Amino acid sequence: MPGFAVLTISDRCSAGLQTDTAGPAVERILREQWPGLDARQTIGRGLVPDSEEAIVTILRELCGQGYDLVLTVGGTGLSPRDITPEATRLVIDREVPGLGEAMRAEGAKAFQFAWLSRGIAGLCGRTLIVNLPGSENGSVESLRAILPLLPHALDVMAGGSTHPRAHAHA
């Protein structure tokens, strides 16, 4: 069973000025996708401000703890404090650009401003890190856009080599 972590990146939420609704919504989707997760197999959760140092530190900690998938929520927009993609690039070894492209393309079908999200995805060792938008709706839609890809991605990252026929050239 893969291990997951959800990291909310928000100055307001970390200061207690706003309630994080996106992180819990993302966790609910993970539990729906992987119903084998139960009370004994909790999903790791974190909350940090929009600080490059804080983001890099916790991402490295989560990767070091052996999580298979770390989903960040927030800090992917155009605000000067939105630095999650830059911090993520300091941690990952290799980018997986198709995941960000898929999230933006699917999101833009309903919300044209999805094209302004700068979220990226990449590998840090055997951990896949994916940046999701900070709004509950944006994070849920983005995760749902890539959800069908994640089981295969996690399998391949763990050393699996079987490719579904529909994706034989991947």
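Quick note: residue numbers are just sequence positions, from 1. A quick note: this is a predicted structure, and the numbers were derived from the prediction, not measured. The basis for the numbers below is simple: all heavy atoms, side chains too, and nothing from hydrogens, waters or symmetry mates.
Between the side chain of Asp93 and the main chain of Gly125, a donor-acceptor pair closer than 3.5 Å is present.
For the atom pair CG of Asp50 and OG of Ser79, the computed distance is 7.5 Å after rounding to the nearest 0.5 Å. Note that CD of Glu141 is 12.5 Å distant from CE of Met103, once rounded to the nearest 0.5 Å. To the nearest 0.5 Å, the span separating CG on Leu132 from OG on Ser142 amounts to 6.0 Å. Interatomic distance, Thr88 OG1 to Arg118 CZ, rounded to the nearest 0.5 Å: 10.0 Å. To the nearest 0.5 Å, the span separating CG on Asn131 from OG1 on Thr72 amounts to 3.5 Å. Taken from CD1 in Ile83 to CD in Glu52, the straight-line distance is 5.5 Å, to the nearest 0.5 Å.
Considering every non-hydrogen atom in both Trp34 and Pro151, the closest pair reads CZ2-CG, 4.0 Å. Ser139 and Val73 get closest at one heavy-atom pair: CB-CG1, 4.2 Å. Contact record, Trp115 with Ala108: NE1-CB, 2.9 Å, taken as the closest heavy-atom pair. When all heavy atoms are compared, the tightest approach of Gly134 to Ala22 is O-CB, 3.3 Å. Residues Ala25 and Val140 come closest through the heavy atom pair CB-CG2, 3.7 Å.
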message: Set out, in order, the CA-CA distance, both residues' side-chain angles and the distance that settles salt bridge (charged side-chain N to carboxylate O under 4.0 Å, His left out) for Arg104 and Glu101, then state yes or no.
response: CA-CA 5 Å; Arg104 284 183 282 277; Glu101 294 164 8; over 6 Å; no
message: Could you go through Glu95 and Leu123, starting from their C-alpha distance and side-chain angles, then the distance that decides it, and tell me whether this counts as side-chain contact (heavy atoms from CB on, under 4.5 Å)?
response: CA-CA 6 Å; Glu95 280 197 45; Leu123 297 168; over 6 Å; no
- prompt: When you look at Thr76 and Asp82, which way does the side-chain contact (heavy atoms from CB on, under 4.5 Å) test go after all the steps?
  reply: CA-CA 6 Å; Thr76 64; Asp82 290 334; over 6 Å; no
task: Check the pair Arg126, Asp68 against salt bridge (charged side-chain N to carboxylate O under 4.0 Å, His left out), reporting the backbone distance first and the verdict last.
output: CA-CA 6 Å; Arg126 290 185 156 221; Asp68 299 308; over 6 Å; no
- request: Take Ser14 and Val48 through the side-chain contact (heavy atoms from CB on, under 4.5 Å) test and state the conclusion after the steps.
  value: CA-CA 6 Å; Ser14 66; Val48 296; 5.9 Å; no
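Between Arg144 and Glu32 there is a salt bridge, since at least one side-chain N of the basic residue sits less than 4.0 Å from a carboxylate O of the acidic one. For Asp20 and Arg12, the salt-bridge test fails: no basic side-chain N is under 4.0 Å from an acidic carboxylate O. A salt bridge between Glu27 and Arg31 is present, with a side-chain N of the basic residue lying under 4.0 Å from a carboxylate O of the acidic one.
Residues Leu154 and Val6 share a single hydrophobic cluster, defined by chaining ILVMFWY side chains whose heavy atoms lie under 4.5 Å apart. Hydrophobic cluster membership is shared by Met157 and Leu143, with clusters built from Ile, Leu, Val, Met, Phe, Trp and Tyr side chains linked at under 4.5 angstrom.
Within the 4.5 Å cutoff, no side-chain heavy atoms of Ile55 are placed close to those of Glu86. Counting heavy atoms from C-beta outward, Leu128 and Leu99 have side chains that approach closer than 4.5 Å. Counting heavy atoms from C-beta outward, Ile92 and Ile120 have side chains that approach closer than 4.5 Å.
Grouped with Phe111 in one hydrophobic cluster are Leu78, Phe113, Leu116, the linkage being side-chain heavy-atom contacts under 4.5 Å among Ile, Leu, Val, Met, Phe, Trp and Tyr residues.
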Could you list the donor-acceptor pairs under 3.5 angstrom formed between side-chain atoms of residues 56-64 and any protein atom two or more places apart in sequence or on another chain?
from: Thr57; atom 1: OG1; to: Glu53; atom 2: O; distance (Å): 2.8
from: Arg60; atom 1: NH2; to: Leu90; atom 2: O; distance (Å): 3.1

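When Leu71, Val70, Leu69, Leu150 are each tested for a side chain to side chain contact (heavy atoms under 4.5 Å, CB included) with Phe4, only one passes: Leu69.
Residue pairs meeting the ring-ring contact (aromatic ring centres under 6.0 Å, His included) criterion with at least one partner in residues 84-104, sequence neighbours excluded, are absent.
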